[in-house]
Structures are given as structure tokens and as C-alpha cells.
There are 2 protein chains.
Amino acid sequence: MKPRAISESAVRRLSHYLRFLDEFEAAGATTVSSDDLAQKGGMTSAQVRKDLSRFGSFGKRGLGYPVDELRERLRQILGLDRRWRVCLAGAGRLGAALYQYEGFRRQGFDFVAVFDRDPVKVGRRWGDLEVEDVARLGEVVAAKGIEMGVIVTPRESAQEVADLLIEAGVEAILNFAPKKLTVPHGVTLRDVNLAIEIEGLSFALTHAGEIVTAG
Amino acid sequence: MKPRAISESAVRRLSHYLRFLDEFEAAGATTVSSDDLAQKGGMTSAQVRKDLSRFGSFGKRGLGYPVDELRERLRQILGLDRRWRVCLAGAGRLGAALYQYEGFRRQGFDFVAVFDRDPVKVGRRWGDLEVEDVARLGEVVAAKGIEMGVIVTPRESAQEVADLLIEAGVEAILNFAPKKLTVPHGVTLRDVNLAIEIEGLSFALTHAGEIVTAG
DNA sequence: TATTGTGAAAGGGTTCACAGCG
DNA sequence: CGCTGTGAACCCTTTCACAATA
């Protein structure tokens with residue numbers, strides 16, 4: 001089975017299309033054209049069609065795509081037609097903000113465990129959870145069937161925690177620590193590096209006039 | 001002036017190199033080769049050399065790059081040899097977490113104002129700041145010489161706040177709201193969309209076996 | 001000799017353009 | 001007729017490979 005590779009940016013666009021469809025649905029549309037979707041995202045209609053056609057022929061020539069159907073199909077494709085069990089590694093402020101962010105739950109992501117190494121934090125109540133000692137990570141991940149990990153530790157502990165997660169069988173990690181992590185083949189890693197994003201802004205302001213492209 | 005466009009991903013790599021150099025410096029190295037840097041980041045040495053050579057010839061053939069000098073040069077290139085005045089739009093939990101994140105201050109980014117529309121939040125003390133009414137955004141941005149905005153509002157208010165920031169003269173925006181914003185040419189926008197990142201993970205787990213490339 | 005800096009080649013993602021079809 | 005689906009063309013980024021050189 002090797003149905004051709006999909007780029008990370010293409011997957012990101014699928015998520016965008018899903019949000020655009022929500023907007024069209026809210027506006028009462030029953031069909032949308034690739035061009036309608038493209039305009040919401042500042043992209044070309046050809047790109048939208050290429051992205052969608054990779055997963056099947058959902059459109060009707062001359063008409064466009066049925067909003068409802070395409071929306072459901074995209075949710076399936078993105079794996080949003082089920083719920084996922086997620087753990088937080090790091091019980092700091094950023095972790096708390098993510099934990100309480102409604103958007104995750106709404107899209108099907110449930111935080112079912114929080115870990116920290118700090119004995120002061122271990123045992124504290126977080127909603128209906130209790131912060132667990134990171135030493136119990138493997139045990140808890142197995143017991144609760146946790147499938148994704150979100151790393152919100154300081155830079156220094158990030159790789160260590162990633163290794164624990166992977167050893168426990170977690171195959172998808174969202175890393176907020178400002179550290180490039182090494183993961184084995186088969187584990188999916190996404191980085192959200194706040195420092196790097198804001199440095200991109202200072203670069204752009206510093207080099208105003210020179211063009212910065214998308215790539 | 002048009003010294004060839006620079007891709008966003010290339011700028012991101014410059015930030016990475018800077019962090020790698022910090023690590024090499026901490027380890028006592030005085031020079032590094034493009035291959036040393038490449039290995040830290042899982043990239044090729046040719047890529048490192050191409051990225052760096054765009055800004056000048058910092059290396060010595062047969063030896064590599066002087067750590068100190070390259071580090072300083074990269075800080076200049078990224079605009080980190082000065083401080084930036086940043087405002088937060090949105091006094092919620094995520095905003096609070098970012099506000100208290102030491103990393104920003106350490107790299108030269110100072111939060112000098114926080115805005116919210118909620119009268120309950122306006123007037124509250126945040127460290128040595130006071131939450132301001134978003135109605136005063138233009139005034140405060142001008143008075144404090146604010147250069148960057150970080151949007152941490154709900155989805156619905158994001159575009160509106162972005163427009164206010166831009167009208168006030170802000171030319172760089174970091175957007176955490178899960179909404180694709182429209183900004184005029186000349187304004188730099190970076191998105192951090194947590195929902196989209198985690199959806200990337202569920203996509204990968206759902207399609208395990210099929211390859212997801214970098215692009 | 002080891003490593004940079006860089007043209008040339010390769011690779012991969014995006015856009016074009018049009019045949020196909022409702 | 002309008003819009004999708006898609007092969008081909010295009011373009012940008014990455015990698016290769018080697019001349020240049022400390």
C-alpha cells in the first residue's frame with residue numbers, strides 16, 4: 001500500500017477547507033465551487049481541486065461540491081469522525097491554557113492525563129484529572145489507551161519526555177518546547193515553536209522591502 | 001532593492017541554526033562545520049551552506065564557521081540585536097501564558113500592552129501592565145510605539161482586531177485565532193493554528209502506512 | 001586536507017489549460 | 001454552459017558535485 005505521498009502543507013489545507021465549509025454551511029450554501037473555497041484561503045482553484053481529487057471525486061461538473069457531503073468526507077479523511085485520547089506532558093501555564101482550550105475537545109481531542117516531574121504539581125486537580133508523576137507515564141498511557149502526546153515542558157526535558165511517550169507506544173507528538181526533537185520513523189511529530197514564529201516577524205520587519213515568499 | 005526572495009522555511013531554518021549555535025557554544029566549540037549544524041537539524045550540509053551564503057561568506061574553507069561570529073551575524077539577520085515592542089490582543093488564558101513565557105523577553109520581545117473588549121477584564125493588572133479596552137488600541141499602539149501584535153482572541157473577533165492593528169500601523173502580526181486572516185501587502189502575518197496542527201496528527205495516525213512528506 | 005561557496009541537476013509542489021461531463 | 005479532474009508545464013527549493021581556498 002503506497003498511495004503516493006501527501007505533503008504536510010496539503011494536509012494543512014484540508015483542515016482549512018473544512019473550516020471554510022463550516023462557514024459556507026453557516027451561510028446556508030448547499031454547494032461550493034473550488035473557486036469559492038480558493039477565495040476564502042487566498043489560493044488557486046486548481047490547488048483546491050488537486051487536493052480534493054487525491055481522495056476521490058466528490059464534485060459535480062458544472063455545479064461544484066455538495067457542502068454537507070464534502071464536509072463529512074473531509075472529517076473522515078482528517079480522522080475527525082472519532083475521538084482521540086491525548087495526554088499533556090508538562091503542567092505549566094501553556095499546558096493549562098491548552099487543557100482548557102475548548103477547540104480541542106470540540107474537534108474530538110480529549111485530554112485524559114497530565115504529567116509533570118515537579119512533586120509540587122503532582123497530585124493537583126486539573127478539572128476531573130489529577131496531575132500524574134511523569135515516572136508513571138508509561139503505565140498511564142497504556143492503561144488509558146493514550147494515542148497522542150502534547151509536550152509543553154521546558155526545552156531541557158523535551159527529548160526525554162518524547163522518548164518516554166514513544167516507548168509507551170505513542171505515535172503522534174505535538175511539541176511546544178523550543179527544541180528540535182528526534183523521533184524514530186513511524187512517529188509523527190509536529191512542532192509549534194513560538195520563538196521561531198515571532199523571530200520570523202522580526203526578520204520580516206528588519207528586511208522590509210525584500211520579499212519573503214511562502215515556501 | 002530586490003536581493004532575491006527568501007522563503008519562510010529558510011527563515012525558520014536560520015532561527016534553528018541560531019539555537020544550534022547556542023548549543024555548540026555551551027559545549028565549548030569555537031568553530032562548527034555546515035555538517036555539524038546539519039546533523040543537529042536533520043538536514044543536509046549543502047542546505048546549511050546555501051542558507052548562510054545568502055547573507056555573506058562567514059565560513060573559512062577547510063575549517064568551518066566561527067561559532068561566536070556566526071551567532072552574532074544570525075542575530076543581526078533575524079533582527080534580534082534590538083528589542084521589539086509587542087502588544088497582546090486578547091486577555092484570555094492563552095494570552096496570559098504567552099505573556100508570562102520568558103522566552104519572548106529573552107529574545108528581545110517585550111509585551112508593552114494588553115487589550116481586551118470584555119469590560120470585566122479591562123483595568124485588571126497584568127504584571128506591571130493594565131488591560132486596556134480594545135477601543136483604545138490605536139491610541140496606545142501609537143503612544144507606545146508598538147511594532148508587533150499577537151492576536152489571541154476568539155475566532156470571531158480576529159479579523160476585526162487585525163484590521164485595528166493594521167490601521168494603527170502595526171506591520172507584523174502573530175495570529176493564534178483559528179481563522180485565516182486577510183492582511184494588505186506589506187504586513188507580515190504568521191499563523192499558529194493549534195487545531196490544524198493536532199488535526200495533522202490525527203490525519204497521520206488515520207493514514208498510517210501512507211507517507212506524509214515535509215513540503 | 002577539510003570544508004566552503006556555488007553553478008548545475010534533480011526533485012516536488014503549484015499552476016495551467018483543456019478534455020470530460022453533469 | 002460551467003465546473004471538475006488531471007496530464008503537462010512551470011517554478012521554486014533542495015541536493016549534487018566540484019572548483020576554490022584557508
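Residue numbering restarts at 1 for every chain, and letters A, B, ... go by the order of the sequence lines.
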Report task. Sugar-phosphate atoms are those with a prime plus P, OP1 and OP2; base atoms are the rest. Using that split, label each nucleotide of nucleotides 16-22 of chain D B, S or - for protein heavy atoms under 4.0 Å, 5' to 3'. Result -> BB-BBBB
Query raised in the report: B:Y65 side chain N/O closer than 4.0 Å to the phosphate oxygens (OP1, OP2) of C:dA2?
Result: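 B:Y65 to C:dA2 OP1/OP2: no side-chain N or O under 4.0 Å.
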Requested in this report: Classify the ring geometry between B:F20 and B:H16 as parallel (under 30°), tilted (30 to 60°) or perpendicular (over 60°).
Outcome: parallel
Requested in this report: Would you please classify the geometry between the A:Y99 ring and the A:F111 ring as parallel, tilted or perpendicular, with 30° and 60° separating the classes?
Outcome: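 If you compare the ring of A:F111 with that of A:Y99, the planes turn out tilted.
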Within this structure, what is the [atom1]-to-[atom2] distance between [X] and [N], rounded to whole angstrom?
X     : N      : atom1 : atom2 : result
A:I6  : C:dT14 : CD1   : P     : 13 Å
A:L70 : D:dC3  : CG    : P     : 16 Å
A:D51 : C:dG13 : CG    : C1'   : 10 Å
A:E8  : D:dT14 : CD    : C1'   : 17 Å
A:Q47 : D:dC12 : CD    : C1'   : 14 Å
A:R54 : D:dG5  : CZ    : C1'   : 13 Å
B:L52 : D:dT15 : CG    : C1'   : 16 Å
A:M43 : C:dT15 : CE    : P     : 10 Å

Report task. Kindly write out the residues that satisfy ring-ring contact (aromatic ring centres under 6.0 Å, His included) with B:F203, not counting sequence neighbours, or none if the list is empty. Result -> B:H207
Requested in this report: Not counting sequence neighbours, which residues clear ring-ring contact (aromatic ring centres under 6.0 Å, His included) with A:F24? List them please.
Outcome: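 Per chain and number, A:F24 pairs via ring-ring contact (aromatic ring centres under 6.0 Å, His included) with no residue.
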**Report entry** B:R12, CZ: over 12 other non-hydrogen atoms inside 6.0 angstrom
**Finding:**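 Enclosed: over 12 neighbouring heavy atoms sit under 6.0 Å from CZ of B:R12.
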Query raised in the report: Roughly how far, to the nearest 0.5 Å, is CG of B:L74 from CG of B:L52?
Result: 6.0 Å
Requested in this report: For DNA chain D, determine which residues of residues 28-37 of chain B have any heavy atom closer than 4.0 angstrom to one of its atoms, and list them numerically.
Outcome: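 None - not one residue of the stretch has a heavy atom sitting under 4.0 Å from the strand.
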Query raised in the report: Are any side-chain N or O atoms of A:R19 and backbone N or O atoms of A:S15, one a donor and one an acceptor, separated by less than 3.5 Å?
Result: yes
Query raised in the report: How far apart are the closest heavy atoms of B:V11 and A:G200, and which atoms are they?
Result: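 Reported closest heavy-atom pair: CG1-CA, 4.2 Å.
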Only pairs under 3.5 Å count here: list side-chain donor-acceptor contacts from residues 146-157 of chain A, not counting sequence neighbours, and write none if there are none.
unit_1, atom_1, unit_2, atom_2, d
A:E147, OE1, A:R82, NH2, 3.3
A:E147, OE1, A:R85, N, 2.9
A:E147, OE2, A:R82, NH2, 2.8
A:R155, NH1, A:P178, O, 2.6
A:R155, NH2, B:E23, OE2, 2.4

Query raised in the report: Should B:Q47 and B:D51 be marked as a side-chain hydrogen bond (donor to acceptor under 3.5 Å, both in side chains) after you check the CA-CA gap, both sets of side-chain angles, and the distance that decides it?
Result: CA-CA 6 Å; B:Q47 174 127 82; B:D51 286 339; 4.6 Å; no
Query raised in the report: Do A:C87 and A:V140 have side-chain heavy atoms sitting under 4.5 Å apart?
Result: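 Not touching, per the 4.5 Å side-chain cut-off.
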Report task. Pull out every residue in residues 196-204 of chain B that has a heavy atom closer than 4.0 Å to any atom of DNA chain C, ordered by number, or say none. Result -> none
